[in-house]
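Note sheet for the following structure.
So you know, we letter chains A, B, ... as the sequences are listed, proteins then strands, and number each from 1.
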Amino acid sequence: MSLVNITLPDGSKREYESGVSSMDIAMSISEGLARNVLASKVNGEVWDASRPIVRDSDLSLLTWKDEEGKSTMWHSSAHLMAEAMEALYPGIKLAIGPPIDNGFYYDIDLMEHEVTEADLPKIEKKMIELARQKNQFARKEVSKKDALAYYEEKQDQYKLELINDLEDGQITFYTQGGFTDLCRGPHIPHTGFVKAVKLLSIAGAYWRGDEKNAMLTRIYGITFPKQGELETYLEMLEEAKKRDHRKIGKELELFTFDDDVGPGLPLWLPKGAFMIEQLEDLAKKTEKKAGYQRVKTPHIAKENLYLTSGHLPYYKDSMFPPMELDGSTYYLKSMNCPHHHKIFDALPKSYKDLPVRFAEYGTCYRYEKSGELFGLMRVRALQMNDAHIYCTKQQFADEFRAVNDMYLKYFKIFGIDKYIMRFSTHSPEKLGKKYVDNAKLWKETEDMVRDVLIESGIPYKEVPDEAAFYGPKIDVQIYSVIGREFTLATNQVDFAQPLSFDLTYTNANNESEHPIVIHRAPLGTHERFIGFLIEHYAGKFPLWLAPEQVRILPISDKFNEGCKNILQSLENYDIRASLDERGEKIGRKIRDAEMSKVPYMLIIGGNELDEGVVSIRKQGEGDQGKMKTEEFAEFIQQEVNKILAV
RNA sequence: GCCGAUGUAGCUCAGGGGUAGAGCGCUUCCUUGGUAAGGAAGAGGUCGGGGGUUCAAUUCCCCCCAUUGGCUCCA
């Protein structure tokens, strides 16, 4: 029997007989370790712990602590659920059941069966029952012919389709208990590792993600090796729900929707509108410093504008339907850029005028499909932190870099430290269909963007075939604290529209040339950004953004008059303060202020009024001692300036 | 747009073939209280909309609208 050298992650080497399994190796190290091994990683590939190793290999043992261990467990859990489903609902057809970031799902054609959320506990129970049998996951290589025959028998057209796409010789089946599934693996040693099961939701999903295909039933679930971990996870979900911007937005009276106004059309209540204005002030100051000029444009335009821009041919479906007026066809604008181009074109430009930077918090309307609307995150009326930069090729790199710097500056102000820049490029074979047909310019601009990104050391991920129709783009993906991922901002390069609008400037040689346009919106839309901020801060907005910064709470309403003077002093410092004049006890006033997440409370009774001081209570933190009224006002002012001075 | 769920007072929700309830909020009165809910009384709903079944519908059935979990999409 030959020997194999196994190298462990710490660099140590051990010798075993060829054909040894990862599990055998784990056993040889410690029995406790072996009990926790879910799978292994052999030469970088995740394997079943039972699979024989026949040559010298690097090995790491995967447990629940490893991401790959978790996903192996969840993948196996999907099989376990499928086994339970087959037992409970005979005749169902299985499609695919992969692990995901938090758990797993399985897409199933239920045939004549009906399964609702009320049935999930029943399925969970069956899964636990099967898990307790500690059935081993057995791997078997099968020929394509046998694999097809197996699913012919079951009349499972989904699996047949999957197998038909596979090469003979790479097809494996896994069997646990009485259940066999087409699967690449790997799997956990046996079902007994699954100790806690929660099926989370049931939803429709198109076969292979294509809306032309049949709708299957998708069941999402998650499993854990310990009951306690499941409970912790469920508590976390509850916490996340509490941060949901829709819930907090209602509680804090920031925005609302109304049936008579329409879906996806948010109404901003005074406090929400105030926050919008704060953001706009920030953006206006920042953009002014960066050399932007503000412009204003109407909400509608004639058809021809969008034919020129290319929006109508490419994006008609997501524009509101047209209005016919005086023999012309008008559309609600879904982008500000065509209007801005017309402003660029209104006056002749010399190379000495460039770069030109037009900024506008323009309101746009997009017809998002009804099922895509989601709180403030996906709406049909939106106001973008929009601007368009018109520059020469030589200026492009500097301009593009300056835009990226502006993004980073905002991230600092808002404490956004988790983000990814996605650099979306075009697919050459889709030129003229999805993308403007100009291969040379695509290459040039994509190279320029890539160069700037590499040069400025910004981490990015390149995604092919995701570009805008007029040029490559950078999307900034951010994550709210509750793990919701979304695209905050886009930064796009556009060489196509300057051509289609025939935008020109006169260069130093007295020749006419087309500028490059950069579309950028670091703060995205007000709607999405405020939605994000609500979840990011859990409604506890920083002082500069909080609609109400200070609430004065008199110990009893006897002191209301005295408190009015304090209110006046704070207002003289431009502090947004209010006075709780209700005849309630102080405990009650504090509770209400805490719940409205007012950053500072001032508790005022006879003592404070006599001494000319205020007793300060900080939201979420409690008593902060006393200060002179003016001193407190200056402190608040400084706190606000500190954040915005970044 | 597709599959599923939900829609009852301003909010959170209970109820259920005989025209409706709780808590909070709101109004009024009492209380004047020192760091997270003082007490009492009162107002407030064509039970999302439209049809149908029924002696009778908020409740059962159908259609629509909206919200929502996903899928697809997001210039």
Contacts table for residues 247-262 of chain A: side-chain donor-acceptor under 3.5 angstrom, sequence neighbours left out:
residue	atom	partner	partner atom	Å
Lys247(A)	NZ	Glu251(A)	OE2	3.0
Asp258(A)	OD1	Asp260(A)	N	2.7

*asked:* Does the protein touch nucleotides 69-75 of chain B at the base, only the backbone, or not at all? Give it as B, S and - per nucleotide, heavy atoms under 4.0 Å.
replied: BBBBBBB

*Using a cut-off of 4.0 Å between protein heavy atoms and nucleotide atoms, how would you tag nucleotides 35-49 of chain B 5' to 3' with B, S and -?*
BBBB-----------

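With rounding to whole Å, Arg380(A) atom CZ is found 11 Å from C65(B) atom P. When the C1' atom of G4(B) is taken as reference, atom CG of Asp119(A) falls 12 Å away, rounded to whole Å. Regarding Asp580(A), its CG atom lies at a distance of 16 Å from the P atom of G34(B), rounded to whole Å. Between the CZ atom of Phe559(A) and the C1' atom of U32(B) there is a distance of 8 Å, given to the nearest Å.
The stretch residues 93-113 of chain A does not touch RNA chain B, since none of its heavy atoms comes less than 4.0 Å from the strand.
Nucleotides G21(B) and C47(B) have their P atoms positioned 14 Å apart, rounded to a whole Å.
Lys198(A) NZ: 12 or fewer foreign heavy atoms inside a 6.0 Å radius.
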*Once Watson-Crick and G-U wobble pairs under 3.5 Å are found, how is RNA chain B written in dot-bracket notation, 5' to 3', with | for any base paired to another strand?*
(((((((..((((....[..)))).(((((.......))))).....(((((..]....))))))))))))....

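Side-chain contact of Arg218(A) with Tyr220(A): a donor-acceptor pair under 3.5 Å is present, judged by distance alone.
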Check the interface with nucleotides 11-16 of chain B: list each N/O to N/O pair with the protein under 3.5 Å, or write none.
residue	atom	partner	partner atom	Å
U12(B)	OP1	Lys250(A)	NZ	3.2

